[in-house]
Structure formats: C-alpha cells, structure tokens
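Counting from 1, the numbers follow the sequence of the chain as shown.
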Amino acid sequence: MPLAIIFRKNLDQNIFRDLIINILDSTQSDEALICSGFFQENFKKSDYQVSLEKGFATVCASRKINLTTIGIHNNTWKQSYQNFKVNMLASNVNIKCFYKNGLAWHAKVFIALKNSIPVFGIIGSSNFTSKAFSTAGKFNNECDVVLWTDEMSVDYIVQNSLPRDNFGSIIRAPYDPAQNGNLTIETRLLSLQSEILNENLVLL
C-alpha cells in the first residue's frame, strides 16, 4: 500500500488536479467525496469555473460518479459554492452539496470509492480554486498526501499521473498497516469519510 507527498512548485504542472480527474475518469471509481474550504465558480464576478477545469463536470457526468461535496470556510464563498452546485447539476452530475453549520470548514479531503470501498485519497492543503486546481495565472504552493490501494489498475493510474522527473517535489513511501494501528488505507479512508459525514452538515 503506497503513499506519496506532492509539493507544487511550478505553474504548468498540477498533479493534484490530474490525479483527481484521472481517477474519476476511469472504471476504478463510482463515488467520490470532496471537502474544500472554497469552491470557486464565478467568485466575485471572476470567469473561472472549477466545474469546467479539465472537463471536471463532464467527467463526473459521463462516468456517472455519485459526488458528495462538503465546504465552506466562510459566508463570502457561499454564492460561489451555490454556483458550483447549479453548474454541476446542469451538466447532469449526480451531486449532493453540504456545508458545515456555522461554516469555518477548512479540511481538504478527496476520497474516491468503488462499490463503497475507498481506493484512493488525497489529504492536504489544496482547495477547489483556480490557484490550486488550474494551470493558469498565479498558483499556490500546495502540499498534499496521496494514498492509494494495491489494486493494480488504481496503482497504474496513480503512477502514470506522477511525473518521473520531479526534482524532489514528490516523496514516495510504502504504507505499513502494522505501524498504523493495523489499519489498511481502505479502512482509514472509510473511517475518515464516516467522521466527515457525521459532522453537523447542512444540505446546500
């Protein structure tokens, strides 16, 4: 069971985004949980739409992904989150959007599942905004931990999404359940999903 720590340090390479799109645009997932402090969709009259980034909405719709999203950090971003929901639904995405009662949601988590079993996860600093999810304009130096199962097809997708020549921006390591309470990656991600969904959430 492997893991990788990715650190973004250049504009034209967005491993975080590519991993998410590639795992969704495969036969290895049919459900996903996305937690973000911010979902940027025409925020403050900006023309950026995260739903369009690298065909995100189209991929979710064509692959019939059951998508659950959770946010947001403050009320300023609520309209943007609402715009995101409306545009995803207009693209025929099966999506349920929640926000934390009282807002102040800041956790960034992505979990992809197949038949209700987690196969892939990202936990880190990247939000669903232009500075973290695109390759245009200014970008943030984000750092994310990627975890995935030993399933060969999933491993193939991840390995082919990680650049070979990364100049130290990626740290790769094995995951040892024996050093982690005998919890497999699948078990830990499933537990994390349950913990998140049992927060004080409100349907957007």
Side-chain angles (χ1 to χ4, degrees), residues 1-10 13-26 28-40 50-51 53-57 59-60 63 65-73 84 95 97-98 105-114 116-135 139-151 153-163 166 169-175 177 180 183-197 199:
M1 292 183 178
L3 64 85
I5 301 171
I6 56 176
F7 176 66
R8 186 179 185 187
K9 56 184 183 181
N10 55 64
Q13 187 177 75
N14 194 326
I15 304 170
F16 169 73
R17 179 201 63 189
D18 293 348
L19 281 166
I20 289 174
I21 298 297
N22 291 346
I23 200 73
L24 293 175
D25 193 18
S26 73
Q28 302 308 308
S29 63
D30 54 24
E31 178 185 352
L33 172 69
I34 298 174
C35 303
S36 178
F38 313 98
F39 291 87
Q40 187 173 349
V50 71
S51 63
E53 181 67 43
K54 206 173 183 183
F56 175 48
V59 166
C60 291
R63 291 296 183 177
I65 302 294
N66 292 315
L67 186 62
T68 300
T69 63
I70 297 172
I72 48 180
H73 187 255
F84 171 77
I95 186 171
C97 299
F98 297 87
W105 184 273
H106 207 252
K108 293 88 174 178
V109 179
F110 174 84
I111 301 174
L113 306 93
K114 177 75 171 181
S116 300
I117 303 299
V119 297
F120 174 89
I122 302 178
I123 302 167
S125 69
S126 296
N127 287 292
F128 274 61
T129 62
S130 61
K131 289 185 178 180
F133 203 64
S134 78
T135 52
F139 71 97
N140 293 336
N141 291 116
E142 307 283 3
C143 189
D144 300 287
V145 178
V146 184
L147 306 101
W148 66 100
T149 66
D150 287 327
E151 208 285 323
S153 297
V154 174
D155 186 66
Y156 178 83
I157 293 167
V158 175
Q159 297 295 352
N160 279 274
S161 301
L162 297 176
N166 55 69
S169 61
I170 302 175
I171 298 172
R172 304 167 192 250
Y175 175 88
N180 292 278
L183 297 174
T184 65
I185 285 176
E186 295 97 318
T187 301
R188 187 62 192 99
L189 290 176
L190 195 63
S191 175
L192 178 59
Q193 180 195 41
S194 178
E195 290 168 10
I196 290 170
L197 294 177
E199 285 292 313

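- Residues Ile111 and Ile122 form no side-chain contact, since every pair of their non-hydrogen atoms from C-beta on lies 4.5 Å or further apart.
- At least one side-chain heavy atom of Ile123 sits under 4.5 Å from a side-chain heavy atom of Leu192.
- Considering CG of Leu190 and CD of Glu195, their distance stands at 10.0 Å, rounded to 0.5 Å.
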Please evaluate residues Ser29 and Ile65 with respect to the criterion side chain to side chain contact (heavy atoms under 4.5 Å, CB included), reporting the C-alpha separation (whole Å), side-chain torsions for both, the decisive distance (0.1 Å), and the verdict.
CA-CA 7 Å; Ser29 63; Ile65 302 294; 3.9 Å; yes
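- In terms of heavy atoms, Tyr175 sits closest to Leu183 at OH-O, 2.7 Å.
- Taking CD of Glu31 as the start and CG of Asn66 as the end, the distance is 6.5 Å to the nearest 0.5 Å.
- Ile15 has its side chain within reach of Gln13: a pair of non-hydrogen atoms, C-beta onward, lies under 4.5 Å apart.
- Inter-residue side-chain proximity for Arg172 and Leu3 is flagged as unmet; no heavy-atom pair is nearer than 4.5 Å.
- Remark: side-chain polar atoms of Trp105 are paired, donor with acceptor, to backbone N or O of Ala107 under 3.5 angstrom.
- Using a 4.5 Å heavy-atom cutoff, the side chains of Val50 and Ser130 are not in contact.
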Please step through side chain to side chain contact (heavy atoms under 4.5 Å, CB included) for the pair Cys35 and Ile196, ending with a clear verdict.
CA-CA 9 Å; Cys35 303; Ile196 290 170; 3.8 Å; yes
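- Note on ring orientation: taking the six-membered ring where Trp is involved, the planes of Phe128 and Phe56 are tilted (angle from 30° to 60°).
- Taken to the nearest 0.5 Å, the CG atom of Asp30 stands 7.0 Å off from the OG atom of Ser116.
- Looking at every heavy atom in both residues, Asp155 comes nearest to Pro2 through OD1-CG, 4.1 Å.
- Checking each of Phe84, Phe98, Phe133 against Phe39 for a ring pair (Phe, Tyr, Trp, His ring centres under 6.0 Å) leaves exactly one that passes, namely Phe84.
- With contacts defined as side-chain heavy-atom distances shorter than 4.5 Å, the pair Val109/Ile34 does not qualify.
- The number of heavy atoms from other shown groups lying within 6.0 Å of NZ (Lys131) does not exceed 12.
- For the pair Ser125 and Glu142, the tightest heavy-atom approach, listed with the atom from each and the gap, is OG-OE1, 2.5 Å.
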Show, in sequence, the C-alpha distance, side-chain angles and deciding distance for Leu33 and Thr69, and conclude whether the side chain to side chain contact (heavy atoms under 4.5 Å, CB included) test is met.
CA-CA 6 Å; Leu33 172 69; Thr69 63; over 6 Å; no
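- A donor atom on one side chain and an acceptor atom on the other are found under 3.5 Å apart for Ser126 and Asp144.
- When all heavy atoms of Ile21 and Glu53 are compared, the closest pair comes out as CD1-O, 4.2 Å.
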Full working for side chain to side chain contact (heavy atoms under 4.5 Å, CB included) between Thr135 and Arg17:
CA-CA 9 Å; Thr135 52; Arg17 179 201 63 189; 3.6 Å; yes
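- Rounding to the nearest 0.5 angstrom, the gap separating the CG atom in Asp25 from the SG atom in Cys60 is 9.5 Å.
- In this structure, Val119 and Val154 approach most closely via the heavy-atom pair O-CG1, 3.6 Å.
- Side-chain contact between Phe120 and Leu147 is absent, with no heavy-atom pair separated by less than 4.5 Å.
- Considering CZ of Phe16 and OG of Ser161, their distance stands at 13.0 Å, rounded to 0.5 Å.
- Side chains of Arg63 and Gln28: a donor-acceptor N/O pair is absent below 3.5 angstrom, by distance only.
- Put simply, the side chain of Lys9 never gets that close to the backbone of Phe7: no donor and acceptor are under 3.5 Å apart.
- Judged purely by atom type and a 3.5 angstrom limit, Glu186 has no side-chain atom pairing as donor or acceptor with the backbone of Pro118.
- Under the 3.5 Å distance criterion, with hydrogens and angles disregarded, a donor-acceptor pair is assigned to the side chains of Thr184 and Thr187.
- Considering CD of Gln159 and CG of Leu162, their distance stands at 6.0 Å, rounded to 0.5 Å.
- Shown here for Asn14 and Ser134, the closest heavy-atom pair between the two residues is ND2-O, 3.0 Å.
- A distance-only check finds a donor-acceptor pair linking the side chain of Arg8 to the backbone of Asn10 [under 3.5 Å].
- With contacts defined as side-chain heavy-atom distances shorter than 4.5 Å, the pair Thr68/Ile95 does not qualify.
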